[in-house]
Amino acid sequence: MVRAPVSERRLDILQWLKHRPTPVVAPRGGDPAHCGVTGEAIAAGLRLPLRIVRSDLALLTRVGLLRADRAGPLTYYRRDEVRIAEVARMFEKGW
């Protein structure tokens, strides 16, 4: 994870997901509070090209900072707060 280059855009994605606008439409009647957001919605919310956002979402998912849940043809992304807290603690301790 540490070898992944730091990117303001990736931080923006994590921040946007933390403070995302509501309401979010839940896939298949799920609870919106526990659902993620599509890459398309993130790209639109941040006014960034979808192809760039998808690349960043893939990396953030690979390193465990995001969870990705499939619902039909769509993927919904949400922050993994436990993993984010673990990473923050590692850096606070001077890892």
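The basis for the numbers below is simple: all heavy atoms, side chains too, and nothing from hydrogens, waters or symmetry mates.
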- Leu46 side, atom CG; Asp12 side, atom CG - distance, nearest 0.5 Å: 6.5 Å
- Message: Run the side-chain hydrogen bond (donor to acceptor under 3.5 Å, both in side chains) test against Asp80 and tell me which residues pass, sequence neighbours left out.
- Response: Arg67
- Message: By the definition side chain to side chain contact (heavy atoms under 4.5 Å, CB included), identify the one residue from Leu57, Ile13, Val53 that meets it with Tyr77.
- Response: Leu57
- Message: Could you work out, with side chain to side chain contact (heavy atoms under 4.5 Å, CB included) as the rule, every residue matching Ser55, not counting sequence neighbours?
- Response: none
- Query: Is there a donor-acceptor pair closer than 3.5 Å between any side-chain N or O of Arg70 and the backbone N or O of Gly72?
  - Reply: yes
- Which atom of Ala71 lies closest to which atom of Tyr76, heavy atoms considered: CB-CE1, 3.8 Å
- Connected via hydrophobic side-chain network under 4.5 Å: Leu14 and Val82: no
- Message: Restricting to side-chain hydrogen bond (donor to acceptor under 3.5 Å, both in side chains), what partner residues turn up for Arg9, sequence neighbours left out?
- Response: Asp56
- Task: Might you point out which heavy atoms bring Ala68 and Thr75 nearest each other, and give the distance in Å?
- Result: CB-CG2, 3.8 Å
- When rounded to the nearest 0.5 angstrom, what is the spacing between CG in Leu60 and CG in Leu17? 9.0 Å
- Residues Glu86 and Arg89 bridged, charged N to O under 4.0 Å: no
- Item | CA sep, side-chain torsions, deciding dist, call: Leu65, Arg10, side-chain contact (heavy atoms from CB on, under 4.5 Å) | CA-CA 10 Å; Leu65 299 177; Arg10 292 183 195 117; over 6 Å; no
- Query: Do Leu66 and Arg83 touch side chain to side chain, with heavy atoms closer than 4.5 Å?
  - Reply: no
- Message: Under the side chain to side chain donor-acceptor pair (under 3.5 Å) definition, can you give me all pairs with a residue in residues 37-51, not counting sequence neighbours?
- Response: Glu40-Arg54
- Can you name the residues that form a side chain to side chain contact (heavy atoms under 4.5 Å, CB included) with Ala44, not counting sequence neighbours? none
